[in-house]
Participant: 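The structure that follows is given in the form of structure tokens.
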Protein chains: 4
Amino acid sequence: MPGNSFGELFRITTWGESHGGAVGVVIDGCPPRLKLSEALIQRDLDRRKPGQNELTTERAESDAVQILSGVFQGKTLGTPISLLVWNEDARSEDYLGFSRMFRPGHADYTYEQKYGVRNWQGGGRASARETVGRVAAGAIAKLILQKEKISILAYTKSVGRIEAAVNPATVTREAIDKNLVRCPVQAKAREMEKLITTIKAKGDSIGGIVECVIRGCPVGLGEPVFDKLSADLAKACLSIPATKGFEIGDGFASTRLYGSNHNDPFQATRGKITTKTNHAGGILGGISSGQDIILRIAFKPTSTIGLRQQTVTTAGKNTMIEARGRHDPCVLPRAVPVVEAMVAITLSDHLLRYKAQCL
Amino acid sequence: MPGNSFGELFRITTWGESHGGAVGVVIDGCPPRLKLSEALIQRDLDRRKPGQNELTTERAESDAVQILSGVFQGKTLGTPISLLVWNEDARSEDYLGFSRMFRPGHADYTYEQKYGVRNWQGGGRASARETVGRVAAGAIAKLILQKEKISILAYTKSVGRIEAAVNPATVTREAIDKNLVRCPVQAKAREMEKLITTIKAKGDSIGGIVECVIRGCPVGLGEPVFDKLSADLAKACLSIPATKGFEIGDGFASTRLYGSNHNDPFQATRGKITTKTNHAGGILGGISSGQDIILRIAFKPTSTIGLRQQTVTTAGKNTMIEARGRHDPCVLPRAVPVVEAMVAITLSDHLLRYKAQCL
Amino acid sequence: MPGNSFGELFRITTWGESHGGAVGVVIDGCPPRLKLSEALIQRDLDRRKPGQNELTTERAESDAVQILSGVFQGKTLGTPISLLVWNEDARSEDYLGFSRMFRPGHADYTYEQKYGVRNWQGGGRASARETVGRVAAGAIAKLILQKEKISILAYTKSVGRIEAAVNPATVTREAIDKNLVRCPVQAKAREMEKLITTIKAKGDSIGGIVECVIRGCPVGLGEPVFDKLSADLAKACLSIPATKGFEIGDGFASTRLYGSNHNDPFQATRGKITTKTNHAGGILGGISSGQDIILRIAFKPTSTIGLRQQTVTTAGKNTMIEARGRHDPCVLPRAVPVVEAMVAITLSDHLLRYKAQCL
Amino acid sequence: MPGNSFGELFRITTWGESHGGAVGVVIDGCPPRLKLSEALIQRDLDRRKPGQNELTTERAESDAVQILSGVFQGKTLGTPISLLVWNEDARSEDYLGFSRMFRPGHADYTYEQKYGVRNWQGGGRASARETVGRVAAGAIAKLILQKEKISILAYTKSVGRIEAAVNPATVTREAIDKNLVRCPVQAKAREMEKLITTIKAKGDSIGGIVECVIRGCPVGLGEPVFDKLSADLAKACLSIPATKGFEIGDGFASTRLYGSNHNDPFQATRGKITTKTNHAGGILGGISSGQDIILRIAFKPTSTIGLRQQTVTTAGKNTMIEARGRHDPCVLPRAVPVVEAMVAITLSDHLLRYKAQCL
């Protein structure tokens, strides 16, 4: 199957280039009779949109979403939901110089080689603008999860070497949205903001880690063997632009533990089975265990920088490149809602799969 | 779709429980006219099989593979290839006591809750014995890759805190297979072996990291957006039992870099375009760039340990458990061929997808 | 997977309700570098569009297609192509009375029961307006087939009891498009037109058969077992609204033949292998044989009629209904391009699948 | 996806060649906790097996099924069910002469051209022996349907020109299985048997029609647009070897009706909504309506005949061929359980899909 769809039963297909006419998404398989409005989707899109503040790209997009199908009198019909956002502030002339050279760190070279053709305006299909569709679809996925009292919170855990100590069990949306970097530890957030501002002034960029906690997930989501919940979450998150790593629970740190301190002992308290610790991060054998699911995603520094870099032309000649085009010096603040969306879509899909086979 | 298949065009479906009659795999979509024999598959299975040496479980399985379909006069037919391995040394009586309690770190609890029924013998479907099918299918995938001169090498990078400094560009199969832990740095390998032996004596277990390098991969594999090569490799690897993390290129370390030192500059040398560095790990925008693809997978310590642990019974009572059942004190040595197999299957699939759309 | 996508490698997803804002389609997996314009797609849409002449519904839609993504400087990019057609002449007030009763022969009742909600305006998602997306996608599929010199011609074979004797081997697009019913035998076409006009005056409707011939199809398309080319063509065609039957080659007539007169003898003429007869209709064992592929689809009489009919209300009371809403007295003329589109999409998909596995 | 799997949520993958070691099927997605035994599957397999009586091929296969996975203590586990049947009476020497020529009506030529290699023993993968896996999987699908009180009955409706007038609403399994051709009208059945016997003596073969009725199907199965229940049933049935046509409800006869006599009026009787007639055959807009679902499948005469036929060699020379190899002079009697199986698999799949989205 071609690679622009995600999910088996709750299935999304995104489309659109950065500087094409519009970007959008079709959601197929959404349960009927959910209350859905453009305003509800817009709320999530506004958290992702560019130009929010001085830490993000200046590209000014209202990102106003239109529902073109699948909703009638405020309710989902069970038929495909088509959502569209027009591209407004596309400045293609910024990219004219890049039609004949490959920006380092970007997908220019690999697209050109793969397809023999490439929309060089603003990164084309490889632009993070594609994530508009993911976030819009994620807003609908969250409606499904809400009915089961499953909630998702993502936040910036680190920027560069600045890392916040966050307790996933108690973190709140309020604390996360109190600052521009979306880090729930306010003091650390201020440090991160300062770092990003400095980096930006230099024309450079920086990476970081997003952490995400899923609360209220029932036991039983995820399928043994290939479609483990952890494996599907990994794919979901590593399909986000600029990602380079994924961990669940203790992740790479678990490789340095002994079984005797990594295994989470089961305990029964008034009939309810939980684990005393949560090294596993809420998933056992690929299936949710009822504990909080905790995962982390590594984002590399933004590829677009203002500094001179060595590269080659499409004709294969060595040259120097200096980036123009508006961009984020650090993708973390705007990546947070994208991670939430992809996690929500993955969980909704597995929820429907669980209902199909086991209920 | 149910979760026991992997791949779109080169598609495998594994089946079998640890102590059921047999385990196996059906491979659909394999190109016709490839030379294939049981001996060729056996070579890879023998690297995975239990009881190889004192570092692995004592379960004695010959793991002799039978080709039941899809091959005629030594050549693949293009029709499904069915492979079967009988379970010989299943000692179900070892697990009798576990039918009524949940082993910590295992999938006993989540399977029971999800399905309302569970084969408690040797972990049932959640057993790593399921990976027999993956390794057998991987041997066939490698045939497809060989024709394109793509090679895959996985090895043990670390066990606990012992980490080997390996150069992925020059590592050899010979160096990897020279010792029992499959670490190409012999001195480190000896340390690892010693650690595992010590851990085993204590009835405990330990984790580690497998690194994998793919050489000779052409530019163009992987699809933009959801089916990025990196995302599909992540899913492939995190579907392996006991995995908790995945990295590509610099992975989590890239979060601490600046764009100016993370971006890999392009360079043209006699018409050939390469990158000066390889922080990206051979994938740009989800598509292979022609550079070596480098990835790392975190394996947790084996869940089965010989020590007493707290747990609950299926009736929801607190109790203590002491594991029996033969097991590996460290899964790394036998995980190496499983990683290679999953990577080979993923690449073969993307190679066929590339041919379909772009050639 | 939800039911609004079709195809594995050349994959289309349609969306939109009859009286929603718009209808559209996303095409994923299209090969790159094909010359594509809105004008090219419009040509096929104009053959399907309503209000063409007095035999079709008076709904006046310009059906002007917009390409929103996937095309750059006149060429396909290999990324998803999003096509959109706005609904202009939706007269929802015609349907107000039907919000509380079920039109016989329509999907009102089954949608209401399945989803617990229904867009009762113009049939909602069940409207034949959905086929706009299919025809638009079909125009692109034909580009792929043209490169391989595969051509598709569909035509009206019968309306009611009036049947035309057509030779599929020699029929031309010119003869088909010479009249309003799209029947290549002009004398029969006139009879059919007269019948439809009479039926329409009575407020009634009539069915008929569309025949389709595929010429130039190479040997080898179609997969053994479940995805036989014939099985996939059957699904493609029976997914078109108002269809009730499908035949390939001699179809139901073959059940009355003996093997000795149904089997098509092979013959070699100057190195080229053909069959002397073509009872099989161009497919053997589910795989194209290189002979013309010939299929027929049965369309029932249009469900919307102007006569009084017995039905029930959504509250479950018996009542009488008199249809309003503009409609075609016979779907055949406009079904012809839809059949062509679905056949083109199916073949393109199998062409890419063939390339992936066998080339 | 390669073509040897069927179904989305209840998904089967068959494998095996006629004269390979074995044939089998893997069923993925089966709900857990269903009572399942080899005896239950065998009952259906025995209705399909060769050598049942003088009307069928003499090939003597016990077709004893083995459950290799997915069942524990008599219950399904929710994990893949692997079923295997060994090939016992394969007489490959019968086919030696055919390795270098193409049997008319068979898939020899198309397989050879597509794959460049072919198992010429007994038809290889194209043999109807592949349907063993379908019937075995169908037995499990029926378990799922039984819980919802959905039942399926298929029977021989015609052989050649001998057609039985059957009332689908009242037909019984007892009447169907009272004779060798599985036609519920006993007098017609005797005529059919006589015809088949005569045809067989001449070395010729004959076709016929299987009709199938599904009773007790709830409203709501089937998805709008592409995965209409009718479209998926068509694909399911036309994937069976030797099929050439498919009809639902009035099928091709509906093309000669007016809307006013084809539309089925709705009626409410004590709160229950039904239709007065059932021209639609139980499906409206692709979704089951709660009425009996009625379909018919056209089977061509068996391709293998004992008479001399013209053909070509693999080297492209004209020649004559005289078939050997044991075969059925008429596939209808053994096709009946295969149709039932495919219909059961399709319905089970749609039942699970319905649960996932709408419950």
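Numbers restart at 1 for each chain; the letters A, B, ... are given by sequence-line order, proteins then strands.
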Participant: Please look at B:Ile283 and chain A and tell me whether the side chain, the backbone, both or neither of the residue comes under 4.5 angstrom of a heavy atom of that chain.
Facilitator: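 For B:Ile283, the contact with chain A is made by the backbone alone.
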Participant: Please give me the minimum heavy-atom distance between A:Ser254 and B:Pro301, naming the atom from each residue.
Facilitator: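 Smallest heavy-atom distance, with atoms named: O-CD, 3.1 Å.
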Participant: Against chain B, label A:Gln310 side chain, backbone, both or neither, depending on which of its atoms sit under 4.5 Å from a heavy atom there.
Facilitator: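 Its backbone and side chain both get close to chain B.
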Participant: What distance separates B:Ile305 CD1 from A:His262 NE2, expressed to the nearest 0.5 Å?
Facilitator: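 One gets 11.5 Å once the value is rounded to the nearest 0.5 Å.
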Participant: With a 4.5 angstrom heavy-atom cut-off, is it the side chain or the backbone of A:Lys114 that approaches chain B, or both, or neither?
Facilitator: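 Both the backbone and the side chain of A:Lys114 come within 4.5 Å of chain B.
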Participant: Calculate, to the nearest 0.5 Å, the distance between atoms CD1 and CG belonging to A:Ile206 and B:Leu257 respectively.
Facilitator: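 CG of B:Leu257 is found 7.5 Å from CD1 of A:Ile206.
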Participant: What part of B:Gln267 gets within 4.5 angstrom of chain A, counting heavy atoms only: side chain, backbone, both, or neither?
Facilitator: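 Looking at B:Gln267, backbone and side chain both touch chain A.
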Participant: Hey, which of A:Gly222, A:Pro218, A:Gly286, A:Ala356 has the most heavy atom pairs under 4.5 Å with chain B?
Facilitator: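 Top option by heavy-atom pairs under 4.5 Å: A:Gly222.
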Participant: Considering only heavy atoms and a distance below 4.5 Å, find which of B:Gly105, B:Gly160, B:Ser239, B:Ala236 pairs most often with chain A.
Facilitator: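 Highest number of heavy-atom pairs under 4.5 Å: B:Ser239.
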Participant: Can you tell me which of B:Gly259, B:Cys237, B:Ser289, B:Gly123 forms the most heavy-atom pairs within a distance under 4.5 Å of chain A?
Facilitator: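 Winner by heavy-atom pair count: B:Gly259.
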Participant: Considering only heavy atoms, which portion of B:Ile199 lies under 4.5 Å from any heavy atom of chain A: side chain, backbone, both, or neither?
Facilitator: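 Just the side chain, heavy atoms under 4.5 Å.
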Participant: If I measure from the heavy atoms of chain B, does A:Met101 come under 4.5 Å with its side chain, its backbone, both, or neither?
Facilitator: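 No part of A:Met101 comes within 4.5 Å of chain B.
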Participant: For the candidates A:Thr313, A:Asn263, A:Ile297, A:Leu238, which exhibits the highest count of non-hydrogen atom pairs separated by less than 4.5 Å from chain B?
Facilitator: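 Top option by heavy-atom pairs under 4.5 Å: A:Asn263.
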Participant: Please work out which of the three classes, parallel, tilted or perpendicular, describes the rings of A:Phe6 and B:Phe226, given edges at 30° and 60°.
Facilitator: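 If you compare the ring of B:Phe226 with that of A:Phe6, the planes turn out tilted.
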Participant: Just so I understand: if I count every heavy-atom pair under 4.5 Å between each of B:Met342, B:Lys202, B:Lys228 and chain A, which residue has the most?
Facilitator: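 The residue among B:Met342, B:Lys202, B:Lys228 with the greatest pair count is B:Lys228.
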Participant: Roughly how far apart are B:Ser158 OG and A:Arg256 CZ, rounded to 0.5 Å?
Facilitator: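 If we round to the nearest 0.5 Å, B:Ser158:OG and A:Arg256:CZ are 8.0 Å apart.
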Participant: With respect to chain A, which residue among B:Ala280, B:Cys330, B:Gly290 yields the maximal number of heavy-atom pairs within a distance under 4.5 Å?
Facilitator: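 Between B:Ala280, B:Cys330, B:Gly290, the count favours B:Ala280.
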Participant: From A:Glu223 CD over to B:Ser5 OG, what is the distance, rounded to the nearest 0.5 angstrom?
Facilitator: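 Those atoms lie 10.5 Å apart.
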Participant: Donor-acceptor pair, distance only, cut-off 3.5 Å: does the side chain of A:Lys235 make one with the backbone of B:Ala234?
Facilitator: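 Here the side-chain-to-backbone pair does not exist.
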Participant: In terms of heavy-atom pairs under 4.5 Å, which option from A:Gly245, A:Pro265, A:Gly116, A:Gly249 contacts chain B the most?
Facilitator: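 With the most close heavy-atom pairs to chain B, the winner is A:Gly245.
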Participant: Using a 4.5 angstrom heavy-atom cutoff, name the option from A:Gly3, A:Gly285, A:Ala242, A:Gly220 with the most pairs to chain B.
Facilitator: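 Most pairs with chain B among the choices: A:Gly3.
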Participant: Does any part of the side chain of A:Thr275, heavy atoms only, come nearer than 4.5 Å to the side chain of B:Tyr109, both counted from C-beta?
Facilitator: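 Not in contact.
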Participant: Are the side chain of A:Thr110 and the backbone of B:Leu284 linked by a donor-acceptor contact shorter than 3.5 Å?
Facilitator: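 Looks like yes, one N/O pair under 3.5 Å.
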Participant: How long is the span from the CG atom in A:Asn261 to the CG atom in B:Leu307, to the nearest 0.5 Å?
Facilitator: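 So the gap between those two atoms works out to 10.5 Å.
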Participant: Distance-only, no hydrogens or angles: does the B:Asn318 side chain make a donor-acceptor pair with backbone N or O of A:Ala268 under 3.5 Å?
Facilitator: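 Looks like yes, one N/O pair under 3.5 Å.
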Participant: For chain B, find which of A:Glu247, A:His106, A:Gln113 contributes the most heavy-atom pairs closer than 4.5 angstrom.
Facilitator: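 Greatest number of close heavy-atom pairs with chain B: A:Glu247.
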Participant: Please look at A:Ser288 and chain B and tell me whether the side chain, the backbone, both or neither of the residue comes under 4.5 angstrom of a heavy atom of that chain.
Facilitator: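 For A:Ser288, the contact with chain B is made by the backbone alone.
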Participant: Between B:Ser260 (side chain) and A:Asp204 (backbone), is there a donor-acceptor pair under 3.5 Å?
Facilitator: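 Between the backbone of A:Asp204 and the side chain of B:Ser260 there is no qualifying donor-acceptor contact (under 3.5 Å).
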Participant: Using non-hydrogen atoms only, which part of B:Val219 is less than 4.5 Å away from chain A: side chain, backbone, both, or neither?
Facilitator: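 The answer is the side chain of B:Val219.
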Participant: Inspect the surroundings of CZ in B:Phe252 and state if more than 12 heavy atoms from other residues, nucleotides or ligands are less than 6.0 Å away.
Facilitator: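 Atom CZ in B:Phe252 is crowded, with more than 12 foreign heavy atoms closer than 6.0 Å.
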Participant: For the pair B:Lys244 (side chain) and A:His279 (backbone), establish whether a donor and an acceptor sit closer than 3.5 Å, ignoring hydrogens and angles.
Facilitator: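 Checking the backbone N and O of A:His279 against the side chain of B:Lys244, no donor-acceptor pair under 3.5 Å is found.
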Participant: Against chain A, work out which of B:Gly271, B:Ala315, B:Ser303, B:Gly316 has the most heavy-atom pairs shorter than 4.5 Å and name it.
Facilitator: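 Most heavy-atom pairs within the cutoff with chain A belong to B:Ser303.
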Participant: Need one label for B:Lys276: side chain, backbone, both or neither, based on atoms under 4.5 Å from any heavy atom in chain A.
Facilitator: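 It is the side chain, since no backbone atom gets that close.
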Participant: So for B:Ala126, is it side chain, backbone, both, or neither that comes closer than 4.5 Å to the heavy atoms of chain A?
Facilitator: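 Looking at B:Ala126, nothing touches chain A.
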Participant: Under a 4.5 Å heavy-atom cutoff, which of A:Leu332, A:Thr302, A:Asp232 has the most pairs with chain B?
Facilitator: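 Top option by heavy-atom pairs under 4.5 Å: A:Asp232.
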Participant: Answer whether the closest heavy-atom distance between the side chains of B:Gln357 and A:Pro2 falls below 4.5 Å.
Facilitator: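 No. Closest side-chain heavy atoms not under 4.5 Å.
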Participant: Top residue by heavy-atom pair count (under 4.5 Å) with chain A, among B:Asp264, B:Ile12, B:Asn4?
Facilitator: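 So the answer, after comparing B:Asp264, B:Ile12, B:Asn4, is B:Asn4.
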Participant: For side-chain contact (heavy atoms from CB on, under 4.5 Å), just list the numbers for A:Val225 and B:Arg134, CA-CA rounded to whole Å, side-chain angles, deciding distance to a tenth of an Å, and then say yes or no.
Facilitator: CA-CA 10 Å; A:Val225 184; B:Arg134 304 182 187 220; 3.6 Å; yes
Participant: Do you know the tightest heavy-atom contact between B:Gly251 and A:Ala298?
Facilitator: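 Scanning both residues completely, I find the closest heavy atoms to be O-CB, 4.0 Å.
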Participant: Which atoms form the tightest heavy-atom contact between B:Pro104 and A:Phe266, and what is the distance?
Facilitator: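 Residues B:Pro104 and A:Phe266, closest heavy atoms: CA-CE1, 3.8 Å.
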Participant: Pick one of side chain, backbone, both or neither for B:Phe246, based on which atoms fall under 4.5 Å of a heavy atom in chain A.
Facilitator: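 Answer is both: backbone and side chain atoms of B:Phe246 are under 4.5 Å from chain A.
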